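What follows is a set of notes on a single structure, which appears directly below.
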Amino acid sequence: LHLAYAYAGSAGKYNPLISDRHKWDNTIAIDQCETVANKFPKSSWANAAKNFESSLIRTSVTLQTEEVNSVNKPFRVLVKFKNILGLNFRVIRIGDNFMDKLNSLSDSKSQSDYIGALPYVQQFYQKIPDDGDYQTHAAEIKIPALKSGNYLIVGCTDENFSGTSKFLVYAFTKVSDLAFFRNQNYSNSNGELFVTDRNSGAPQKNVTVYQYEKKYNYKKQLYEKNHT
């Protein structure tokens, strides 16, 4: 079993940008675990080998996208994954109170059930390249063009986004063609706010800006948004 630990440790040195060295070390570690479990089936070593093998074959996925993406233009989501062959995606338009509702739910299962029941604007399946090396990989997934608004990009192993076997991850993004920056005037605490086109940088006229402040309400145990 120590040999399995050693190979799993060296698997972390794998760098696909440099070479394939250590790429298959996790598969060797898994083979060693199975050898121990089969050779000593009723021993504590067998249990330890099975538990360690389970940790190596466990599924993991994360999603990452730009904080803001352009209106009516496809954009990319970075998917980092391990031991998965495909992922179902949903694009959900969310309101200003979404995070308050999500944070009011006490556990991850309740949060996943809530997200899975929300109406969505798009759903599709994306096959994920996996050559069986039990390593973490990354790929960019195309998200179709969206209208302006706030969105949740959700990935799930279950096509119905429900059930006890589902594995659900998500990332937030805003779709907008506007950008802003503040020119801080130290003689005036408010400063100046400039609104521009996100793509061209051109200044925008006749834009109404609303400023909000979030403060935590310890009695209600949630953040409240106040117009300032």
Side-chain angles (χ1 to χ4, degrees), residues 1-41 43-70 73-91 108 112 115 122-146 151-159 161 163 165-175 198-199:
L1 192 55
H2 291 295
L3 192 58
Y5 295 150
Y7 272 104
S10 63
K13 300 177 182 179
Y14 169 57
N15 186 337
L17 299 179
I18 297 177
S19 73
D20 282 347
R21 188 181 182 189
H22 302 298
K23 175 179 173 66
W24 300 100
D25 286 3
N26 274 335
T27 63
I28 300 174
I30 290 171
D31 289 341
Q32 291 296 318
C33 288
E34 292 176 350
T35 297
V36 171
N38 292 330
K39 191 173 182 178
F40 310 102
S43 68
S44 59
W45 285 104
N47 290 331
K50 291 177 181 178
N51 290 334
F52 189 58
E53 181 181 357
S54 295
S55 70
L56 295 177
I57 65 175
R58 186 176 298 128
T59 295
S60 66
V61 185
T62 61
L63 304 181
Q64 182 180 344
T65 186
E66 297 289 343
E67 183 178 352
V68 183
N69 288 284
S70 297
K73 291 183 179 180
F75 59 91
R76 297 169 295 180
V77 171
L78 178 65
V79 183
K80 293 184 179 181
F81 58 92
K82 182 179 180 181
N83 304 332
I84 192 169
L85 298 177
L87 206 59
N88 299 279
F89 283 90
R90 278 184 180 175
V91 180
S108 59
S112 295
I115 291 173
Q122 294 178 5
Q123 178 171 336
F124 60 93
Y125 176 80
Q126 179 65 53
K127 186 177 180 181
I128 304 279
D130 183 11
D131 51 13
D133 58 4
Y134 301 97
Q135 293 278 3
T136 298
H137 296 280
E140 290 184 328
I141 304 300
K142 177 182 175 181
I143 302 297
L146 298 171
Y151 291 89
L152 193 67
I153 311 299
V154 187
C156 188
T157 52
D158 181 82
E159 64 180 350
F161 288 70
S165 63
K166 69 182 176 183
F167 185 94
L168 188 146
V169 292
Y170 54 86
F172 298 94
T173 189
K174 180 186 293 290
V175 176
R198 177 171 296 277
N199 301 300

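When a residue number appears, it is its place in the shown sequence, counting from 1. Keep in mind that this is a model prediction, so the values were computed, not measured. When reading the values below, keep in mind they use all heavy atoms of this one structure, side chains included, and skip hydrogens, waters and symmetry mates.
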Least distance between heavy atoms, Lys142 atom then Pro74 atom: CE-CB, 3.6 Å
In this structure, are over 12 heavy atoms from other groups packed under 6.0 Å from Tyr7 atom OH? no
Nearest non-hydrogen partners of Tyr125 and Leu85, listed with the distance: OH-O, 3.9 Å
Over all heavy atoms of both residues, which pair between Ala145 and Gln122 is shortest? Give the atoms and the distance, please. O-NE2, 3.5 Å
Rounded to the nearest 0.5 Å, the CG atom of Leu56 sits from the CD atom of Gln32 at a distance of 12.0 Å
Taking Thr157 for the side chain and Leu168 for the main chain, is one N or O donor matched with an acceptor at less than 3.5 Å? no
Please examine the side chains of Val91 and Leu146, heavy atoms only from C-beta on, and report whether any two atoms are closer than 4.5 Å. yes
Show your working on side-chain contact (heavy atoms from CB on, under 4.5 Å) between Ile143 and Arg76 and close with a plain yes or no. CA-CA 6 Å; Ile143 302 297; Arg76 297 169 295 180; over 6 Å; no
Between Ser19 and Tyr14, is there a side-chain heavy-atom distance shorter than 4.5 Å? no
So which heavy atom on Leu78 is nearest to which on Ala138, and how close? CD1-CB, 4.1 Å
Side-chain heavy-atom pair Ile141, Phe124 within 4.5 angstrom cut-off: yes
If you look only at pairs with a residue in residues 17-32, which of them pass as a salt bridge (Lys or Arg N to Asp or Glu O under 4.0 Å), with sequence neighbours excluded? Lys23-Asp131, Lys23-Asp133
Here the gap from Leu87 atom CG to Lys127 atom NZ, rounded to the nearest 0.5 Å, amounts to 14.5 Å
Out of curiosity, Phe172 CZ to Thr65 OG1, how far, rounded to the nearest 0.5 Å? 12.5 Å
Does any non-hydrogen side-chain atom of Asp130 lie less than 4.5 Å from one of Ile84? no
Which residues pass the side chain to side chain donor-acceptor pair (under 3.5 Å) test with Arg90, sequence neighbours left out? Gln123
Is any side-chain heavy atom of Asp158 less than 4.5 Å from a side-chain heavy atom of Asn88? no
Is the shortest heavy-atom distance from the side chain of Val79 to the side chain of Phe89 under 4.5 Å? yes
Please list every donor-acceptor pair under 3.5 Å in which a side-chain atom of residues 44-51 meets a protein atom from a residue at least two apart or in another chain.
{"from": "Asn51", "atom 1": "ND2", "to": "Asn47", "atom 2": "O", "distance (Å)": "3.2"}

For the SG atom of Cys33 and the OH atom of Tyr5, what is their distance to the nearest 0.5 Å? 7.5 Å
Spatial distance of atom OH (Tyr134) from atom CD1 (Ile30) [nearest 0.5 Å]: 4.5 Å
Between Asn83 and Arg58, is there a donor-acceptor pair closer than 3.5 Å when you use the side chain of the first and the backbone of the second? yes
Side-chain heavy-atom pair His22, Asn15 within 4.5 angstrom cut-off: no
Atom of Ser70, atom of Asn199 and distance for their closest heavy-atom approach: OG-OD1, 2.8 Å
Tell me yes or no: between the side chains of Thr173 and Asn69, is some donor less than 3.5 Å from an acceptor? yes
When you measure from the side chain of Glu53 to the backbone of Ala37, do you find a donor-acceptor pair of N or O atoms at a distance under 3.5 Å? no
For the residue pair Phe75 and Ile153, establish whether any side-chain heavy-atom pair is separated by less than 4.5 Å. yes
Rounded to the nearest 0.5 angstrom, the NE2-NZ distance for His137 and Lys80 is 13.0 Å
With a sphere of 6.0 Å drawn around CD of Glu140, does it hold more than 12 non-hydrogen atoms of other residues, nucleotides or ligands? yes
